[in-house]
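These notes are about the structure you will find just below.
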Amino acid sequence: GEDVEQSLFLSVREGDSSVINCTYTDSSSTYLYWYKQEPGAGLQLLTYIFSNMDMKQDQRLTVLLNKKDKHLSLRIADTQTGDSAIYFCAERAQAGTALIFGKGTTLSVSS
Amino acid sequence: KAGVTQTPRYLIKTRGQQVTLSCSPISGHRSVSWYQQTPGQGLQFLFEYFSETQRNKGNFPGRFSGRQFSNSRSEMNVSTLELGDSALYLCASHETGSGNTIYFGEGSWLTVV
């Protein structure tokens with residue numbers, strides 16, 4: 001069945017790059033999303049990538065997609081303390097708009 | 001443009017009661033979906049509505065229901081509340097047609113005691 005997996009925790013120093021990884025199982029996924037959740041808040045859409053692309057860049061964010069290995073990554077350049085949050089990867093199946101989420105990666109940025 | 005608005009933000013209910021949560025999508029978005037977030041199960045899809053019709057449903061018991069109105073606003077209802085229904089309920093607003101962005105509201109925190 002559909003499943004999305006992420007590592008649970010990542011710790012980096014301010015100014016370094018962060019790379020959050022995600023694997024998914026549904027080869028029919030059309031879009032893959034990254035969301036950020038801060039304590040007590042909802043989900044903030046960071047970026048998304050269409051399944052026929054292999055890279056997307058948006059300011060400090062770079063998404064890499066390896067469709068063959070069903071592997072997605074989010075790179076945050078020049079990570080700041082304000083980037084500390086939980087990051088969720090989600091896949092959207094070909095039919096419909098339901099998202100399947102990973103368990104989230106907690107990013108901790110130290111100064 | 002206003003974002004996705006969910007009300008109420010926080011509520012406490014007693015086991016056995018029922019609850020109704022409301023969601024107003026982004027203006028022009030006609031598709032709304034609901035998710036439940038708990039520490040144990042993570043984010044799980046409840047259902048999706050488009051043009052007042054339920055288009056997709058997740059694996060939740062019949063106590064969870066929803067509806068959408070002609071102005072695209074949506075409500076979800078949980079009847080006969082159980083302690084395990086305590087969660088953050090998130091509403092998502094979708095562009096339809098060629099749009100692929102899916103935006104979430106701040107959520108409604110439900111505590112069942």
Per-residue contact mode, B/Phe47 against chain A (heavy atom under 4.5 angstrom) = neither

Looking at [atom1] of [X] and [atom2] of [Y], how far apart are the two atoms once the value is rounded to the nearest 0.5 Å?
X       : Y        : atom1 : atom2 : result
B/Leu43 : A/Ile100 : CG    : CD1   : 10.5 Å
A/Phe88 : B/Gln37  : CZ    : CD    : 5.0 Å
A/Gln44 : B/Glu106 : CD    : CD    : 9.5 Å

In terms of hydrophobic clustering (I, L, V, M, F, W, Y; side-chain heavy atoms under 4.5 Å; direct or indirect links), are [X] and [Y] co-clustered?
X        : Y       : result
B/Phe64  : B/Tyr35 : no
A/Tyr33  : B/Leu90 : yes
B/Val112 : B/Val19 : yes
B/Phe104 : B/Tyr89 : no
A/Leu32  : A/Phe50 : yes

Identify which part of A/Leu45 has an atom lying under 4.5 Å from any heavy atom of chain B, answering side chain, backbone, both or neither.
-> side chain

Below 4.5 Å from any heavy atom of chain B, which atoms of A/Gln37 appear? Answer side chain, backbone, both or neither.
-> side chain

Identify the heavy atoms of [X] and [Y] that sit nearest to each other, and give their distance.
X       : Y        : answer
A/Ala41 : B/Leu88  : O-CD2, 4.1 Å
B/Phe45 : A/Leu99  : CB-O, 4.3 Å
A/Tyr48 : B/Thr101 : CE2-CG2, 3.5 Å
A/Tyr35 : B/Ile102 : OH-O, 2.6 Å

Just wondering, are more than 12 heavy atoms of other shown residues or ligands nearer than 6.0 Å to CZ in B/Arg15?
-> no

Residue A/Asp69 excluded, over 12 heavy atoms near CG under 6.0 Å = yes

Side-chain (B/Tyr103) to main-chain (A/Leu43) donor-acceptor, under 3.5 angstrom | no

